[in-house]
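In what follows, chains are A, B, ... by sequence order, proteins preceding strands, each numbered from 1.
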Amino acid sequence: MYQRISNFLIEHAQTIFGEQISPSLIQLSPTKKEQTGDITLVVFPFVKILKTSPVDAGQKIGDALSNEFREIASFEVINGFLNLILSDDYWMNELNRISTAQHFGKAVSNSKPTVMVEYSSPNTNKPLHLGHLRNIFLGHSVSRILEFAGHEVIKTQVINDRGIHICKSMLAWEKFSPLNSSGERETPQNTGLKGDKLVGKYYVEFDKQLNAEVKNIIGNWENGQFEHDHQEIKLKFLELSNAKIDKDEKVLSAIDDKIKDLAKSQSTLMREAKEMLLRWEARDPQTYLLWTTMNGWVYEGFDRTYQRMGVEFDKLYYESDTFLLGKDQVLKGLNSGIFFKKDDGSVWIDLTDEGLDEKLVLRSDGTAVYMTQDIGTAIERFEDFSNLSGIVYTVGNEQDYHFKVLFLILEKLGFSWAQNCYHLSYGMVDLPSGKMKSREGTVVDADDLMQEVVEKATEMTKERGHLDGLDEEEKLNLYEQIGLGGLKYYLIKVDPKKRMLFNPEESIELNGNTGPFLQYTHARICSLLKKAEPNRQNVQFGEVNLLDEEKEVVKNLIQFPLMVQEAAASYSPALLANYTYELVKSFNHFYQAVKILSEENVKTKEMRLVLAETVGGVLKDALYLMGINAPTRM
RNA sequence: GGUCCCGUAGCUCAGCUGGAUAGAGCAACUGCCUUCUAAGCAGUAGGUCUUUGGUUCGAAUCCAAACGGGAUCACCA
């Protein structure tokens, strides 16, 4: 309707306004709730053209529109706004159109370009945490939204399965794992621990042991004892220590950190970890076996976590396969003059013209850095999938700079698809106590959180007691859906790019703007429809008068396809979440205000049932797009 | 210091391609279950939209500066 009005005004501009008008002058929007009307046109832009008062201008446009469109029953001009009132007929036709659609708002599958969505991308040295949850739910939801909007979507993740951090866990396990009676070190099998948890435990253990050693080393240094009488280290230490004199706290702690780094570099543990990394890179069989084994434990653990989350991937990339990629590209770029070489042999790109800095793309020893790898991986992906048009990277905003540079480099290397690559950047998740810090043990574990949320859902659902006739398995399934639905919605409803606060109590709340509230409404509708299926034959769409409550719901329903498009275009499930909440609120308002089953007028009753059914369908799809299940009872 | 992001009710967030009296939820207070699931609905209260300038018919929204918070600027990933 908006489109039709807009088109009409443009096409007949000459007769209405006496001149051609720019489409940007036409501002159509839903009328504010406080005002009567359905569609509002802002009249101000036309006042100058028509050289009359806002009232006369509005009157003139209103006349023209209501003559043209029989759907416009009447109109009002108030304060420079033209409020169009649409006929019941129009709303009934819209309801009819929406209710008979298969998946209203869903574009034809694969009618839009293929995109790859990357999310999760964990390290294999520790379990997933709250930050990953935001990342994963966000990326997963965006995948579904893009798919619904017509794209073919390939869901992927890069698993950071190599590097010094992995070696730390491996080394700690080798050194510090106790032996059991059969002489075995700890494994998921003999401890019952989830694989990623076990490996994470040894990562923490490494840190603990390292800190102890570091403390020891610094103690020795302070007493003037330097291993092998190492002069260089001694000088550095003394220099740093002297720098501490007369400094304030902030500078002091920065210097202390530097001293710690110095001590770490001299520690046995760090040295051993680095040696292990070298052995790994040399493909030492024993190291490789250990690495494969421990990563295997982690994958098993991750699989269980992903499964509970209800997310999946189509294609996995492993850093151990890709970390050598990109070097050729850099050398090619070097030849074509995009990169340049410094005296020490390191390769850089100069981005100062773009307002950025110089950026390293290859170390002086010829080895790859993160950037090198990402260049290679991106190119490989486009080779793997010949119909790929772009990549969406779901990665935290601390890497904004990295991706800015990455996309620029890819563009300079001549890959036209670089402009279809998008960094879906999201803000950090803070706790009421402040930032999550692994060092301070304030990290919220993903499995623990999911468990907690499901337990809470269980407790509160039992309290409500609407579950007669469900068997035990169905009940457990339901608790799971409610708990996770709440958690997902909580993390998704906030604008992705904004930093957000995670309040544990609010995340398991069932009332208000929450996942369970949306699910509850769905369950309610299902329960209603179980008692009376709408019989479409009885609905004569021309003969029913609509109440405001009903019209409001239809208005919201109409918006759904538009919201999906917007959410897809801006990669923002939050838009969809807010929309869904509005839809559900208007439905509940309607549900509470009118009778349905006991309505005596058959036509009205059937219309209301159709309305409820339609909301149920759209709601189910909307929840699906957020990765949330829609229970039929709760 | 350079670059980028953010600042809206006590708290958590919408609104930001300029438009009517700035909205929700939570927390507080009042009502509504012999009637379709009260995980609901209706209502009361709560605001110098960080500040100051500018752009114009009109600014929470656009521009500039200041203040406050965060991120990033590694031969780390």
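For B/C67 and B/A24, the C1' atoms lie 29 Å apart once the distance is rounded to whole Å.
Across all strands shown, A/Met634 has heavy atoms under 4.0 Å from base atoms, whether or not it also approaches the sugar-phosphate. Nucleic acid contact for A/Phe44: base, since at least one base atom lies under 4.0 Å from a heavy atom of the residue. Within the nucleic acid shown, A/Ile596 comes within 4.0 Å of at least one base atom, counting heavy atoms only.
Within the structure, every side-chain polar atom (N or O) of A/Arg499 is placed at least 4.0 Å from both OP1 and OP2 of B/G7. The phosphate of B/C57 (OP1 or OP2) has a side-chain N or O of A/Lys48 nearer than 4.0 angstrom. A/Lys585 has no side-chain polar atom (N or O) that falls below the 4.0 Å cut-off from OP1 or OP2 of B/G25. Residue A/Lys32 places at least one side-chain N or O closer than 4.0 Å to OP1 or OP2 of B/A20. A sub-4.0 Å separation between OP1 or OP2 of B/G19 and a side-chain N or O of A/Asn79 is absent.
For the residue pair A/Tyr370 / A/Glu319, no side-chain donor-acceptor distance below 3.5 Å is found, with atom types taken as modelled.
A glycosidic torsion no more than 90° from 0 defines the syn conformation, and B/C33 adopts it.
In this structure, the ring of A/Tyr520 has its center no less than 6.0 angstrom from the ring center of A/Phe517. For A/His165 and A/Tyr203, the gap between ring centers reaches or exceeds 6.0 Å.
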